[in-house]
Amino acid sequence: ALNRDRPQPLKGRRVLVTSGPTHEPIDPVRVLANRSSGRQGHALAAAAAAAGAEVTLVSGPVSIPDPAGVRVVKVESAREMQAAVDAALPADLAIFAAAVADWRVEADSAQKIKKGAGGPPTLTLVENPDILAGVARRAEGRPPLVVGFAAETENVIEHARSKLARKGCDLIVANDVSPDSGVMGGDRNTVALVSAEEVERWDAMSKQAVAEALVARFAALLGGTSA
Ligand code: CTP
Ligand code: CA
């Protein structure tokens, strides 16, 4: 009844969305984090569900509500996110909107680290697995449409193109997240769709409008027909 009169271009499709930041533990009370709000990823999950898809949203720690009609799997760290993504496959469409921490602390402390005569601790970082690249490069069970995001503060298109090639995904949704763009934590987004063939720049829109337009595009790329 909810979507009675809406077109359902993703009906019968399985969609996986990652969203939010990841938190990488330093000790039991401290984490490495980033400023992702999860708004764009959550809006995509909601839009895909409204378009008739069966949606799994793998979300890092966010303060926004779970979208309606979506299966939500909550994770903290990048490695937990990767395991949840693997468990959620197969899918027809996988959208990687999460701001995954690039690094984690090599050996997080089992006890709270105390101040002391030794001075501040030195944190040794190691690189996290690239969740998107792992899925896009799968020999078996690769979703037919794999979409990444590229949040950049400069040379947006150039960086998006190199990410597309490096990660092996089909499409990159590139956006400018420099501090004066207002994107991080804000409600609006200005994106460009970057594929191997072309770059398409979209006007600034609400994150919900971006999500709905992206879902319509993904459905068309998958060959969905409006019911
Ligand atoms: N991504 C991912 N796993 C990671 C890092 C990134 O799945 N460990 C995904 C993001 O969800 C996004 C895309 O890869 O869809 C690009 O993320 P981004 O941080 O822009 O790219 P990086 O490869 O991490 O490069 P950098 O941060 O150095 O620009
Ligand atoms: Ca990164």
Side-chain angles (χ1 to χ4, degrees), residues 15-25 31-45 48 55-62 73-89 91 93-106 125-138 141-143 145-179 181 183-185 189-196 199 207 210-211 214-215 217-218 221:
V15 175
L16 164 70
V17 182
T18 70
S19 185
T22 64
H23 283 185
E24 308 298 326
V31 297
L32 288 179
N34 65 66
R35 295 187 193 281
S36 171
S37 66
R39 283 202 181 91
Q40 188 63 80
H42 278 52
L44 275 160
V55 181
T56 300
L57 172 63
V58 178
S59 177
V62 295
V73 180
K74 294 180 183 178
V75 299
E76 297 269 334
S77 68
R79 288 190 294 177
E80 287 169 15
M81 183 172 278
Q82 184 179 46
V85 162
D86 284 342
L89 292 174
L93 164 62
I95 305 168
F96 293 86
V100 181
D102 290 323
W103 307 283
R104 67 175 180 274
V105 176
E106 184 173 39
L125 303 182
V126 293
E127 198 164 312
N128 270 325
D130 191 315
I131 304 169
L132 162 58
V135 169
R137 300 270 183 214
R138 275 182 173 222
R142 183 194 190 275
L145 185 55
V146 178
V147 180
F149 273 70
E152 309 289 352
T153 57
E154 57 180 2
N155 305 329
V156 177
I157 302 298
E158 195 182 312
H159 282 133
R161 279 185 178 287
S162 71
K163 275 174 191 168
L164 183 82
R166 192 169 76 237
K167 291 166 188 272
C169 55
D170 303 301
L171 201 63
I172 290 270
V173 181
N175 62 351
D176 184 339
V177 294
S178 53
S181 73
V183 170
M184 293 299 277
N189 205 355
T190 310
V191 305
L193 267 56
V194 178
S195 67
V199 176
K207 288 182 178 177
V210 169
L214 285 174
V215 161
R217 174 62 61 90
F218 301 156
L221 289 170

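We count ligands from 1, going down the list as the structure has it; atoms in each ligand are counted the same way. Keep in mind it's a predicted model, so treat the numbers as computed, not measured.
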Is it true that Arg142 and Asp170 make a salt bridge, defined as a side-chain N closer than 4.0 Å to a carboxylate O? yes
Counting neighbours of CZ on Arg79 that are heavy atoms of other residues, nucleotides or ligands and sit closer than 6.0 Å, is the number greater than 12? no
Hey, is His159 touching ligand 1 through its side chain, its backbone, both or neither, going by heavy atoms under 4.0 Å? neither
Is any N or O atom of Phe149, backbone or side chain, closer than 3.5 Å to an N or O atom of ligand 1? yes
In the protein, which heavy atom is nearest to atom 7 (O) of ligand 1, and how far is it? Leu132 N, 2.8 Å
Working to the nearest 0.5 angstrom, can you tell me the gap between Gln82 CD and Thr22 OG1? 11.5 Å
Could you work out, for atom 5 (C) of ligand 1, the closest of Val100, Thr22, Thr18 by heavy-atom distance? Val100
Quick one: does Arg166 get a heavy atom under 4.0 Å from ligand 1? yes
Starting from the C-alpha separation in whole Å, work towards a yes-or-no answer on side-chain hydrogen bond (donor to acceptor under 3.5 Å, both in side chains) for Asn34 and Ser36. CA-CA 6 Å; Asn34 65 66; Ser36 171; 4.6 Å; no
Just to confirm my output: which protein heavy-atom neighbour is closest to atom 10 (C) of ligand 1, and how far is it? Ala98 O, 3.4 Å
Atom 24 (O) of ligand 1 sits nearest the protein heavy atom Asp102 OD1, 2.9 Å
Report the nearest protein non-hydrogen atom to atom 6 (C) of ligand 1: residue, atom name, distance rounded to 0.1 Å. Lys167 NZ, 3.8 Å
If you have a sec, work out which protein heavy atom is nearest atom 25 (O) of ligand 1 and how many Å separate them, to one decimal? Lys163 CE, 3.5 Å
Nearest non-hydrogen contact with atom 8 (N) of ligand 1 belongs to which option: Ala78, Gly41, Pro129? Pro129
Could you tell me whether Asn128 and ligand 1 have an N or O pair separated by under 3.5 Å? no
Do we see a donor-acceptor contact under 3.5 Å between the side chains of Glu152 and Asn175? no
